[in-house]
Amino acid sequence: MLTHLACSLCGKTYDWNQLLNTCSCGKPLLAQYDLSPGTLSRDALKDRENTMWRYREVLPPCEAISLGEGMTPLHHAPRLGERWYLKDEGVNPTGSFKARGMSAAVSMAKHLGVTRVAAPSAGNAAGAMSAYAAKAGMEAHVFMPRDTPKAFIVECDFLGAHVNLIDGLIHVCGAEVRKFVESSPELIFDLSTLKEPYRAEGKKTMGYEVAEQMGWDLPDVIVYPTGGGTGLVGMWKAFDEMERMGWIGSKRPKMVSVQAEGCAPIVTAYNRGERFAEEFPNAHTSASGLRVPKAIADFIMIDLIRASGGTALTVTDQEMVHATRELSSSTGVFGAPEGGATLAAAQKLRDIGFIKSTDTVVLFNTGSGLKYLEAFA
Ligand SMILES: *Cc1c(COP(=O)(O)O)cnc(C)c1O
Ligand SMILES: [Zn+2]
């Protein structure tokens, strides 16, 4: 059961039954639950729906606005590596794992009386927010860079959102959202990544699913394409929650963060031994989900990568596209460039011996390749 929200940096706590963005110190708030072996049993999952809402005891207590997100396939990918697996998030509604976060966040926003939502996005978050807002009967305002691939823009428009194209990257779009929300006479709730508590709750279900799909034995290595970091932060939180419910032991996967060479704030800070990342200058990459030059959850990601014994590394756009082709042609999953990035990174880590031939490895294909035709052209 959800008990309260707590700041990820200063620890200040808040009642969850109110609309909140960040802590008064400016850092992300994370949802806290009262968990014990009696909260939910692994066996009880057998009869549950085949969506992320099967874990409802560890999700916000509200009516689910659902389009069937989550419980995506975990494919064995022996043509890539003996014990390598691909979690295919491209089959989620709107074609990416952003559906998980937006399902949770829009559901909770609705529960708390919100009728209008806004978010900056590199593409996939905008599509997902537009879809869940449409289902919930809410007004949606998306702010995307003007050069966002066309599929995302058309998708949001058809889903009924108000589309704003901005000259600048996602952090500039974020500033536009703040201005817009502050100047509006009506309440518009800002659903920016980790600037409200529940997108991370939706995305943490990837961690629950990997555990359930692997028979409660977590992999040795998880390779994840990192933008704002909700997935990394969420999965790490999920492992802790599962341990408290007695579902898994204390073993954790090595968490590997992959970023694009042209936009790598987390990798840079990690390599410098720092905890907070500077804004990455002149950010550029055709993997739109990775075009995040500044992330509010930088310290949470860097702390967990270190605690897990993982690492952080970059791949070039060329390596990404090349690896997306290899990933697609050897698994049957037409991946997003962000998914290809995880394969390129895992191969580099195998070459240097960081990943061993006996390791169980999970790569995340975070979106469908179909929305990225420009990037592949
Ligand atoms: C948003 C996005 C990412 C980055 O995910 P975070 O959890 O925000 O780090 C990676 N891949 C795709 C396809 C995305 O849309
Ligand atoms: Zn705080």
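Below, each value reflects all heavy atoms present in this structure, side chains not excepted, and no hydrogens, waters or symmetry copies. For reference, positions follow the sequence shown, starting with 1. Note that ligands are numbered from 1 as they come in the structure, with each ligand's atoms numbered from 1 the same way.
- Using a non-hydrogen distance threshold of 4.0 Å, T226 registers as a contact of ligand 1.
- The option from Y372, Y224, F152, F97 that lies nearest to atom 3 (C) of ligand 1, judged by heavy atoms, is F97.
- Not a single heavy atom of F364 lies less than 4.0 angstrom from ligand 1.
- At under 3.5 Å, a nitrogen or oxygen of N124, whether backbone or side chain, sits near a nitrogen or oxygen of ligand 1.
- For ligand 1, the atoms sitting less than 4.0 Å from at least one non-hydrogen atom of G231 are 7 (O), numbered in the order shown with element in parentheses.
- Once rounded to the nearest 0.5 Å, the distance linking OG of S96 with NZ of K371 reads 6.0 Å.
- The shortest N/O to N/O separation between A336 and ligand 1 does not fall below 3.5 Å.
- Applying the 4.0 Å criterion to heavy atoms of E338 picks out, from ligand 1, the atoms 10 (C), 11 (N), 12 (C), 13 (C).
- When side chains are defined from C-beta on, P337 does not count as touching D317, because their heavy atoms never get closer than 4.5 Å.
- The aromatic ring centroids of F143 and F180 lie less than 6.0 Å from each other.
- Of all protein heavy atoms, the one lying nearest to atom 11 (N) of ligand 1 is T366 OG1, 2.7 Å.
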Taking it one step at a time, do L290 and M320 satisfy side-chain contact (heavy atoms from CB on, under 4.5 Å)? CA-CA 12 Å; L290 305 184; M320 235 185 264; 4.3 Å; yes

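- For ligand 1, the atoms closer than 4.0 angstrom to any heavy atom of T230 are 6 (P), 7 (O), 8 (O), 9 (O).
- Inclusion of L290 in the set of residues having an N or O under 3.5 Å from an N or O of ligand 1 is not warranted.
- Between the side chains of T316 and E261, no donor N or O sits under 3.5 Å from an acceptor N or O.
- Among E212, E209, E69, the single residue meeting the salt bridge (charged side-chain N to carboxylate O under 4.0 Å, His left out) criterion with R54 is E212.
- Atoms of ligand 1 found under 4.0 Å from any heavy atom of G228 (numbered from 1 in listed order, with element): 6 (P), 8 (O), 9 (O).
- If you check which protein heavy atom lies closest to atom 2 (C) of ligand 1, you get K98 NZ, 2.4 Å.
- Put simply, the residue from K251, R83, K254 that forms a salt bridge (charged side-chain N to carboxylate O under 4.0 Å, His left out) with D220 is K251.
- One finds an angle of 110° at the Zn ion (ligand 2) between SG on C23 and SG on C7, to the nearest 10 degrees.
- Residues passing the ring-ring contact (aromatic ring centres under 6.0 Å, His included) test with Y208 are Y55, W247, sequence neighbours excluded.
- Looking only at side-chain heavy atoms (C-beta outward), E278 and T268 stay at 4.5 Å or farther from each other.
- Under 3.5 Å, the side chains of R199 and T193 contain a donor-acceptor pair of N or O atoms.
- Distances from ligand 1 to the non-hydrogen atoms of K203 include at least one value under 4.0 Å.
- Residue contacts with ligand 1 include P225, since one of its heavy atoms falls under 4.0 Å from the ligand.
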